[in-house]
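Just below is one structure, and these are the notes that go with it.
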Amino acid sequence: MYLEQLIISARAVVVFTVLTGLAYPVLMTGAAQALFREQANGSLIVKNGKVAGSRLIGQPFDDPKFFWGRLSATGPVAYNGAASSGSNLGPLNPMLRKAVQDRIAALRSTDPGNPAPVPVDLVTSSGSGLDPHISPAAALYQSPRVARARGISEDSVRETVDRHTQGRFLGVLGEPTVNVLELNLALEAIKWDR
Amino acid sequence: MNANNLTQCLITLGALLILVKPLGAYMARIYEGEPTWLGKALGPVERLIYRLSGAGGREMNWKTYAVAFMLFNIVGLFVVYALQRLQYLLPLNPMGLGAVTPDSSFNTAVSFATNSNWQGYGGETTMSYLTQMAGLTVQNFVSAASGMAVLVAFIRGFSRKQAQTIGNFWVDLTRGTLYILLPLSVAVGLGIASQGVVQTFKPSVTVPFLQAAVDVNGAAVTTQTLAVGPAASQIAIKQLGTNGGGFFNVNSAHPFENPTPFSNFLQVLSILLIGASLCYTFGVLVKDRRQGWAILAAMFLLFIPLLWLEVAQEQRGNPLLAKIGVDQSASGLQPGGNMEGKETRHGIAQSAIWATATTAASNGSVNSMHDSFTPLGGLVPLFLMQLGEVVFGGVGSGLYGMLLFAVIAVFIAGLMVGRTPEYLGKKIEAYEIKMASLGILVPCAVVLIGTAVAVVSNAGLATIYNPGPHGFSEVLYAFSSAGNNNGSAFAGLGANNPFYNLMLGLAMFFARYWIAIPVLALGGSLAAKKAVPPSGGTLPTDTPLFVFFLIGTVLLVGALTFLPALALGPIVEHLMMVP
């Protein structure tokens, strides 16, 4: 009984490896590449014939003229797309409090006249360290600063934010988001137009 | 809990309930060997699998069934180990990754063979595409199909009378993989690929940074390397098979693994889908659908209050941050709440629904970092695992775990009135109670002893990340996860070292097989019994009374075993946080 079942086991592992470990992913790759070519290859943003980033992977910003994204806990550089990571800081960890305070200080130093409480997603680390989005509240909070740093009207910044705001799926699922990289690329294009 | 949170919860649970009956009925037909249109289309493949593997269709007694199940799992475990150790010599390794360390390879091999899918490693920096596909994806399928096979064999113990056999492992394994897991994976895989989950064999992509960044050493960084790979195919089965091992380090928090609210909805539904539907399958197989609905009702009634607690706690946010000028209120413009470790697109509701679902089912994938949850928000996933992964649970293993509790529940009820207990027409006697108790108590012992050893040894304490009671919660979470084959983590704990790789590897091994084998023994013993017709003294097991009795039994065992440990971790932390 043991030897017979052991031989079947060994043969079955090979058969199932070929079926589910080779045939299945290869067929799925073929189907995904045929049906959803852009998505299956990383949802890349192409500007003027050149790749400018991925719509799904955020980038680090700390220049006042750009919108800033979530904090990122990846190393050795923030938004390291080759090694995703969250901060894993517990709610009472003093390091969490410090990270939040440092971010608030950085936001306030570039925007001294803005006393509003800071939207929570703008001062906390995302789960992946690669979050491409911020909430519309976090974008509106930064709009006056970005407008000032770019020397353009706040209305045109807000209008660009609106165009890059995506509502909940079917109006219900998930949360409204603003894509930070696409928003910043759009702002750069405004500069080019002038 | 605001109105939008409530709507999102209701949509998820509603979609699940709608699918339970059609999928449950379909799975019953598959395991009964009845004709289906997919069976006609894929029949030649099924017969080819039997021919190539040399598996005959002969019925097996429970011992042969258990031997086949164990040997198949152990051979699979060796293959996954060897693939990791040798991946640097093998093809499909475009990033040129080296051999995985022996202790990490052991841990991962056990982890995937036991359907736990604890991730001690970071996927994109450790595993070659070949290891992900031929090692991990394969085990995602067959460990899930093995769990379902054990369940179906156990159910045959109730549906058969005076029988010596409980089915054929190879047939159950093959049919579960070919007709249930593969077609669902193709559908879900294409669904999530349409949303932006990557599926390619090309190496990583390099893109420019719009604003140059500076790394920790002060060097300028102007480009970003994006890890990609054949992810969608693996993620589909990782959710459906309640495996949970991600393609990337941060699992389904990664935007390439779970890019949109719709992909999130599909994945969270997949986590619960088969586990919940198997309750209906059970009802069909024992020819009394109300029995299946009763078990499902118990699962839902345990799930809903814990889901509510989870959403409410995370939405309430962190009082320490409110004090320093952070706006955590929910509105149409922001999710608010405790957003540390969560993704903007998922916000509070989808992160909390996921955390509850992934630990109710023994899935263990995450779309947010549980280590950064509020104390009671972290307690919910911890407690759901400690209940023994019986609220939906792993595919197959969740329901057979719950049926062990049902056996204990009728036994306790029998003691109260002094009658020999029966369940589904079979007398429950000393042997059955021994096996059921073994299956229920082994994971409890593994969790508590493992945690105790870790927190009194230097090696166990060395890699705790967060200070205070949260650090204890990290260790308790790790052993609760491994000791119940869940696989999620309070990921701050540095677990990729020889101590934790070995301890948690052993925990996963015992937790899986020391339940599965008693379950098969129980199935064999029940199958051999005569059916007793119900009499006036029989406790009906399809009534609200029994549902509450079952819930009480699950909670009693879970609470008595784990409340002291929970008090030292999340409960103390909560009291420290709340002013």
Side-chain angles (χ1 to χ4, degrees), chain A residues 1 5-6 8-13 15-17 20-21 25 28-29 32 36 39-43 51 53-54 56-57 59-61 63 76-77 81-84 86 88-93 100 117-121 123-124 126-128 130-131 133 135-137 169 172-175 177 184, chain B residues 49 52-55 67-68 71-72 75-76 133-134 137-138 141-142 189 193-194 196 199 205 207 209 211 213 215-216 221 224-228 230 233 248-250 253-255 259 261-262 265 318 325-328 333-335 339-341 343-345 347 368-369 371 374 466 470 491-492:
Chain A
M1 170 173 91
Q5 295 301 330
L6 182 64
I8 300 175
S9 295
R11 289 169 67 172
V13 166
V15 172
F16 279 102
T17 301
T20 62
M28 288 292 284
T29 305
F36 313 113
Q39 295 94 316
N41 291 308
S43 304
V51 173
S54 166
L56 292 177
I57 305 291
Q59 295 195 358
F61 294 101
D63 189 319
V77 65
S84 55
N88 287 313
L89 295 172
L92 297 186
N93 195 319
V100 172
V118 190
V120 62
D121 57 299
V123 298
T124 46
S126 63
S128 61
L130 304 172
D131 194 340
H133 300 117
S135 67
F169 180 68
V172 187
L173 290 176
E175 293 292 334
T177 52
N184 284 331
Chain B
I49 294 174
L52 292 176
S53 56
V67 165
L71 287 175
F72 178 69
V75 172
M133 286 160 46
T137 304
V138 173
F141 276 100
V142 297
S194 78
Q199 180 73 25
V205 184
V207 299
F209 269 154
Q211 183 200 332
D215 74 11
V216 285
V221 180
Q224 188 180 35
T225 303
L226 309 179
V228 293
S233 53
F248 299 105
N249 184 39
V250 292
H254 197 296
F262 180 58
F265 173 73
N318 185 339
V326 178
D327 179 7
Q328 298 182 87
L333 294 177
Q334 68 158 358
M339 283 298 287
E340 181 70 23
E343 298 283 295
T344 312
R345 61 193 179 282
S368 56
M369 297 298 116
D371 214 346
T374 60
N466 280 289
H470 199 84

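Being a predicted model, the structure only gives us computed values, none of them experimental. Letters go in sequence order (proteins before strands), and every chain restarts at 1.
- One distance of note links OG1 of B:T344 with CD of A:E175; it measures 9.0 Å at 0.5 Å rounding.
- The greatest number of non-hydrogen atom pairs below 4.5 Å with chain B, out of A:V123, A:L89, A:V13, A:V77, is found for A:L89.
- Only the side chain of B:V142 comes within contact range of chain A, with at least one heavy atom under 4.5 Å from a heavy atom of that chain.
- Considering only heavy-atom pairs separated by less than 4.5 Å from chain B, the leading option among A:G86, A:S54, A:G42, A:P25 is A:P25.
- Of the residues considered (A:P136, A:A40, A:S135, A:A137), A:A40 shows the highest number of contacts with chain B, using heavy-atom pairs under 4.5 Å.
- Of the two parts of B:T225, the backbone and the side chain both hold a non-hydrogen atom closer than 4.5 Å to a non-hydrogen atom of chain A.
- B:N249 contributes no side-chain N or O that, together with a main-chain N or O of A:A83, makes up a donor-acceptor pair within less than 3.5 Å.
- Both the backbone and the side chain of B:F209 come within contact range of chain A, each with at least one heavy atom under 4.5 Å from a heavy atom of that chain.
- Most heavy-atom pairs under 4.5 Å with chain B, from the set A:S43, A:A10, A:A32, A:P119: that is A:P119.
- The backbone N or O of A:N88 lies less than 3.5 Å from a partner atom in the side chain of B:N466, making a donor-acceptor pair.
- The greatest number of non-hydrogen atom pairs below 4.5 Å with chain B, out of A:T17, A:T177, A:D121, A:V100, is found for A:T17.
- The distance from atom CG of A:D131 to atom CZ of B:R345, rounded to the nearest 0.5 Å, is 5.5 Å.
- Contacts with chain A were tallied for B:P230, B:A213, B:P335; B:P335 has the most, counting heavy-atom pairs under 4.5 Å.
- Both the backbone and the side chain of B:E343 have a heavy atom closer than 4.5 Å to some heavy atom of chain A.
- When the candidates A:V51, A:V15, A:L92 are compared by the number of heavy-atom contacts under 4.5 Å with chain B, A:L92 comes out ahead.
- For the pairing with B:E340, the side chain to side chain contact (heavy atoms under 4.5 Å, CB included) check across A:V120, A:N93, A:T124 returns one residue only, A:T124.
- With B:N318 contributing its side chain and A:P91 its backbone, the two residues share a donor-acceptor pair below 3.5 Å.
- Side-chain contact between A:N41 and B:V228 is absent, with no heavy atoms from C-beta onward closer than 4.5 Å.
- Note: B:H254 NE2 to A:I57 CD1 = 4.5 Å, rounded to the nearest 0.5 Å.
- In terms of heavy atoms, A:G127 sits closest to B:A253 at C-CB, 4.2 Å.
- Using a 4.5 Å cut-off between heavy atoms, A:V172 contacts chain B through both its backbone and its side chain.
- Taking 4.5 Å as the limit, every side-chain heavy atom of B:V326 sits out of range of all side-chain heavy atoms of A:V118.
- Under the 4.5 Å side-chain criterion, counting only non-hydrogen atoms from C-beta, A:I8 is not in contact with B:F72.
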